[in-house]
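The chains referred to below are lettered A, B, ... by the order of the sequence lines, with proteins before strands, and numbering in each begins at 1.
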Amino acid sequence: KNEVEQSPQNLTAQEGEFITINCSYSVGISALHWLQQHPGGGIVSLFMLSSGKKKHGRLIATINIQEKHSSLHITASHPRDSAVYICAVPGATQGGSEKLVFGKGTKLTVNP
Amino acid sequence: KAGVTQTPRYLIKTRGQQVTLSCSPISGHRSVSWYQQTPGQGLQFLFEYFSETQRNKGNFPGRFSGRQFSNSRSEMNVSTLELGDSALYLCASSLVTGGTSGANVLTFGAGSRLTVL
């Protein structure tokens with residue numbers, strides 16, 4: 001069973017700061033997901049990556065398969081980035097299953 | 001392109017009752033997965049359906065069940081509700097393109113918030 005650890009649990013930043021959220025997992029995986037959840041509940045998939053780095057706007061996700069570690073970076077943070085960021089990894093071994101195991105989430109607050 | 005639609009968005013039930021939640025996936029998506037989110041346990045996988053077949057199930061009691069119809073719409077049912085079933089129930093759909101577990105982008109619905117009194 002894959003275990004997922006995220007850090008920090010809570011993060012407060014000033015607008016413009018560079019943000020890093022970390023995720024570690026215990027079992028080798030095919031892909032890792034970064035999700036964003038705003039107050040109200042809706043979840044948006046930010047990245048799915050299996051190696052290297054992906055960038056979308058001010059968001060960058062990296063993964064080190066050997067270290068079983070991924071990071072989510074936010075450059076030039078903005079108050080609208082305030083949300084809970086959740087890391088998730090596959091929890092099933094059978095092909096094609098979308099079973100995911102989730103981290104507890106990192107609550108990010110960006111103050112103006 | 002319409003997103004994932006969940007109904008109802010909010011509902012209040014009492015202990016012992018049952019509830020049915022509905023999820024309409026993005027057109028063309030054949031995989032629908034369900035998740036429960038509570039403040040204490042976070043997000044937890046409930047089950048996943050693909051082409052009307054349950055492909056995987058999380059560690060939940062038999063009171064939690066689901067099904068998928070031929071048009072890929074899915075329903076989940078919780079019988080004999082308990083206070084601890086109060087949660088946000090989320091469904092997600094994906095366009096499954098290969099056989100690799102958990103390597104498909106998920107699109108989530110807005111969720112159904114269940115309160116059990």
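In this structure, K99(A) and K57(B) approach most closely via the heavy-atom pair NZ-O, 4.2 Å. The minimum heavy-atom distance linking L106(B) with S45(A) is given by the pair O-CB, 3.4 Å.
With a 6.0 Å radius and a threshold of 12 heavy atoms from other residues, nucleotides or ligands, E17(A) has its CD atom above the threshold. A 6.0 Å sphere centred on CG of N59(B) holds no more than 12 heavy atoms belonging to other residues, nucleotides or ligands. Counting heavy-atom neighbours within 6.0 Å of K107(A) NZ, excluding the residue itself, gives a total of 12 or less. Under a cut-off of 6.0 angstrom, the local environment of CZ in R15(B) is sparse, with at most 12 non-hydrogen atoms contributed by other residues, nucleotides or ligands.
Here CD of Q41(B) is found 5.5 Å from NZ of K104(A). Values are rounded to the nearest 0.5 Å.
In this structure, the portion of L88(B) lying under 4.5 Å from any heavy atom of chain A is its side chain and not its backbone. For L35(A), the part lying near chain B is the side chain, with the backbone staying farther off; criterion is any non-hydrogen pair under 4.5 Å.
Hydrophobic clustering (ILVMFWY, side-chain heavy atoms < 4.5 Å, transitive): I86(A) and I60(A) are in distinct clusters.
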